[in-house]
Amino acid sequence: MKGALIDVDYITKNEKPIIRLVFKGKRFYKIYDDSFEPYFYLDADDLKEARSAVEKITINAKGKQIKVKRMEAVKKNVLGEEREILKIICNHPRDVPILREELRKIGAIYEHNIPFARAYIKNKGLVPLEIIEFEREGRFLKKIIKIHENPELKLRMLAFDTEVYNPLGVPRQDKDPLIMISYADEEQGVLTYKKIGKKFVHTHKDEEEIINTFCDLVKKKDVELLIGYNSSQFDLPYLKARAKQLGIPLPLGRDGSSFKLSTRGIVTRAKIVGRLHIDLYNIIVFLGIIGALKSFRYTLGEAYSEIVGKEKKEVKKLEIWRLWDEEKGLEPLAEYSLHDAVAAKELADQLLPMEVELSKLVKVPLFDVCGAMTGNLVEQLLMNKAHWENVIVPNTPKEEEINKRRANPIVGAFVKVPEPGIYENIAVFDFRSLYPSIIISYNIDPFTLNCKCCSEKEAFVSPAGYKFCAKKKGLIPKVLEELLVRRMEIKKKMKSYEQNTREYKMLATRQQALKILLNSFYGYLAYPRSRWYSREAGESTTAWGRQYIQETMKEAEKEGFKVLYGDTDALFMLLGDKVKKDALEFMKRINAKLPEKMELELEDFYTRGVFVSKKLSKEEAVGAKKKYALLSESGRIKIRGFELVRRDWAKIAKDTQEKVLETILREGSKDKAMKVVIDVIDNLKNNKVKLEDLVIYTRLKKSLKKYELISPEVAAAQKAKAAGIPLEEGSVVEYVITKKGKSISEKAELAELAKDYDPDYYIEHQVIPAVLKILKELGVSEDDLLFKGKQSTLNGW
DNA sequence: TAATTCGCTAGACCGA
DNA sequence: TCGGTCTAGCGAA
């Protein structure tokens, strides 16, 4: 038999745990395995004594006698040391948490909190979504024969979305009905119960009938992958609540059940029996966290425009009930509803290939990998590899230890202060995967630290003063090297395909997944909740990083280049009287001296660049770090850190700043840049600017009550709440500074509630500060902008 | 509960 | 009302 592995869990029959595997062949099917036993490890000084102590243990839990099933002495690498320990085999996974408390008294316990199904995957060497070839006996798995690559996984996908009647803004589950359910696969439709003159609309009798029809549709289409956006937190729970209200079932699962909610950290997920339900919102949040996505609100519309590159049809959320009530609102509402489902489908087409790759790489089923955070991905991957390296998985730290780690952060990267100014002919280099390549090169791992086998001379000694083994490879360096090498191979292979081919895109996705993982390892090493945390290892990684970038800067200066700026792994240098070839030769010389897996790469050559000074209370000008704009030889502009890349600045200020930067970079014209600013100031003064260009976006990171300081976004949210628009923790406040009030907070008003704007605020606090720091480098003062601005209104400057 | 540190900047708040 | 300090958010790498 063959099939792509979709999911693994377990059931209990006659008190025995049985692993259940879901495979995808022509359709989903289930295979069982009753041969796998739950276990954990016990490490004690005297194994014989420990053995007899364990044998005596019987715990009475809810009337049942719980005992250890069996014990085996096994040789394992325990926290860097080879030794014999006891493998404690239990009758049922739920016995593990009960027994471990007693066994803890005998010695150290390990791998006691690894979910049973996960342990099965790693023990059997399974890879989700690849084709597993196996022998079976009836419905039971006998033997795994081989795992084949599965480049093309095709699941029957259906995207859906719901609309709800909301006369009070927030819909009430007990009173406000569902009015539309939209869906999209090869065909698209909207289920509703009002007559709407559109081909894609299917009009039914009432709310009950559209819910039933939707469930029938899922069943009839034999949906394998159900896609929603925020569906675990909104659509599905709402559907369930309405079904309950109407007294009808919600048979979305293959067994007729609805779904089960689970929360992991900040992520809520809904699991449907026999189908994969993926909430794209969770993936979007993940991409936001790792910085793979430009910052924005995590709405379907924003995600769609950012990732698919198209605009979604929108209606105002608060208007939905009115559109439903008014005859002429129905068509736009139906179109909007349909497009939500279509957008979710297109978004899934873009996002899922990456999740599929991650699932295969870290060997976690797709459902669990979607929305998993980086710490989790790295941990799963390491736990899997640990099994094959015969290494015990270190325990999760206790709360006390976590707090200790958190209170004592690791010193990070080096950033050079740039000299403010406008420069020409700049070469930018960076170290490819700096931290991963350092970890590999110096065998940095919590358990290669202070090894017994290397003398002071033999070991790698970090600039932070810690010793790492030079003889036996640690788990983390080993895993990282595999990932790094695979990524390099893929990148090489990509060159042999045209960019728009299927093969190229597949490789690009795979490469991207590897990059995400590679970049997550250092963070995991320094993450207080990590199983593989090591202050010494983390500190050594950054210390070597600082050393390499600073030494390279020194070398550059020695060779006669002026080093303009540098941050962590990047180096900006002026060519001066040298040419590109000199810079490339410099790079070659550096590379010749670097360890094998480390490499300095050319990022690009830039014809012009702008660095500005930091805003200080005093007059002295100090260069600002993490803020620059560059124009590449090919005409591409690269801007970092400036207000125009931040969401908490108004569009009018960002656009103006962008135009000023572009003008200076491309044309080098001060007058033209000034003219741009003066025009904008004029428009602001004359009330010619649209309100939407004045909106400032800020996320509320805590609940409203918890703020010590009432900042503008908090004030705006408070007012909004009073007006019946609740904004909870995590939502993005969109506000405008109006004329009404004294302080800026008092003037702040939710964009949809604002009636006017305060031109002075936008001129003095938004546009001027954003552009002045740039124009100052050309000798322009604030008065130059304001005075000429005034003049222009009088006599048309 | 769910990767890290470095860095800039705003606006509130507070005391002189 | 001024200037320093602190809270808070967001971006770079």
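Convention: sequence-line order gives letters A, B, ...; per-chain numbering from 1. What you see is a predicted model, and the numbers here were worked out from it, not measured in a lab.
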Looking across every strand, which nucleic acid part, if any, lies under 4.0 Å from A/Y761 by heavy atom: base, sugar-phosphate, or nothing?
-> sugar-phosphate

Roughly how many Å is it from NZ in A/K705 to P in C/dT7, rounded to a whole number?
-> 21 Å

Using a heavy-atom cut-off of under 4.0 Å over every strand shown, decide if A/S520 touches base, sugar-phosphate, or nothing.
-> nothing

Using only side-chain N and O atoms of A/K615, determine if any of them is under 4.0 Å from OP1 or OP2 of B/dA10.
-> yes

Give a yes or no on whether a salt bridge exists between A/E379 and A/R531, defined as a side-chain N under 4.0 angstrom from a carboxylate O.
-> yes

Can a salt bridge be assigned to the pair A/R269 and A/D368 using a cut-off of 4.0 Å between side-chain N and carboxylate O?
-> yes

Which part of the nucleic acid does A/I289 contact within heavy-atom distance under 4.0 Å: base, sugar-phosphate only, or nothing?
-> base

Give one of base, sugar-phosphate or nothing for A/F431, where a contact means two heavy atoms less than 4.0 Å apart.
-> nothing

Sugar-phosphate, base or nothing in reach of A/E379, heavy atoms under 4.0 Å | nothing

Nearest-nucleotide check on DNA chain B, A/T374 vs A/E746; residue mapping nearer the 5' end is A/T374

Do any side-chain nitrogens or oxygens of A/H765 fall under 4.0 Å of OP1 or OP2 in B/dG11?
-> yes

Could you tell me whether A/S745 contacts a base, only the sugar-phosphate backbone, or nothing, with contacts defined as non-hydrogen atoms closer than 4.0 Å?
-> sugar-phosphate

Given C/dC10, C/dA12, B/dA2, which nucleotide is nearest the side-chain atoms of A/N376?
-> B/dA2

Any A/K702 side-chain N or O less than 4.0 Å from OP1/OP2 of C/dA8 = yes

Pairwise P distance for C/dG9 and B/dA2, with rounding to whole Å | 15 Å

Return the nearest nucleotide to the side chain of A/Y527; candidates are C/dG9, B/dC6, B/dT4.
-> B/dT4

According to a strict under-4.0 Å criterion, is A/R647 in side-chain N/O contact with OP1 or OP2 of C/dC10?
-> yes

A/Y628, nearest nucleotide to its side chain (from B/dC6, B/dT1, C/dA13) = C/dA13

Report which part of the nucleic acid A/V714 touches: base, sugar-phosphate, or nothing (heavy-atom distance under 4.0 Å, all strands).
-> nothing

Assign A/L434 to base, sugar-phosphate, or nothing according to its heavy-atom contacts below 4.0 angstrom with the strands shown.
-> nothing

Tell me whether the OP1 or OP2 atom of B/dT9 has a side-chain N or O from A/K627 closer than 4.0 Å.
-> yes

Considering only side-chain heavy atoms of A/L709, which listed nucleotide, C/dA13, B/dA3, B/dA12, is closest?
-> B/dA12

Using a heavy-atom cut-off of under 4.0 Å over every strand shown, decide if A/R640 touches base, sugar-phosphate, or nothing.
-> sugar-phosphate

Counting side-chain heavy atoms from C-beta on, which of C/dA12, B/dT4, B/dG7 comes nearest to A/Y522?
-> B/dT4

Looking at every strand, decide which applies to A/Y707 at a 4.0 Å heavy-atom threshold: base, sugar-phosphate, or nothing.
-> sugar-phosphate

Polar contact flag, side-chain donor to acceptor under 3.5 angstrom, A/R529-A/Y524 = no

Do A/E734 and A/R297 sit within salt-bridge range, that is, some charged N less than 4.0 Å from a carboxylate O?
-> yes

Picking from B/dT4, B/dT5, C/dC10, which would you name as closest to the side chain of A/D648?
-> C/dC10

Counting side-chain heavy atoms from CB outward, which of C/dG9, B/dT9, B/dC13 is closest to A/I710?
-> B/dC13

Nucleotide nearest A/K614 when distance is taken to its side chain, options B/dA12, B/dT9, B/dA2 | B/dT9

Tell me whether the OP1 or OP2 atom of B/dC8 has a side-chain N or O from A/K626 closer than 4.0 Å.
-> no

Do A/E729 and A/R699 meet the salt-bridge criterion of a basic N to acidic O distance under 4.0 Å?
-> no

Measure from the side chain of A/W649, starting at C-beta and using heavy atoms only, and say which of B/dA10, B/dG7, B/dA12 lies closest.
-> B/dA10

Using a heavy-atom cut-off of under 4.0 Å over every strand shown, decide if A/K773 touches base, sugar-phosphate, or nothing.
-> sugar-phosphate

Within 45° of the axis and under 6.0 Å from the centre of the six-membered ring of A/F611, does NZ or CZ of A/K627 qualify?
-> no

For A/D430 and C/dA13, give me the distance from atom CG to atom P, rounded to whole Å.
-> 9 Å

To the nearest 0.5 angstrom, please state how far the CH2 atom of A/W544 sits from the OG atom of A/S437.
-> 12.0 Å

For A/G412, report the nucleic acid contact type (base, sugar-phosphate, nothing); a contact means any heavy atom under 4.0 Å.
-> sugar-phosphate

Under 4.0 angstrom, heavy atoms only, what part of the nucleic acid is A/P528 near: base, sugar-phosphate, or nothing?
-> sugar-phosphate

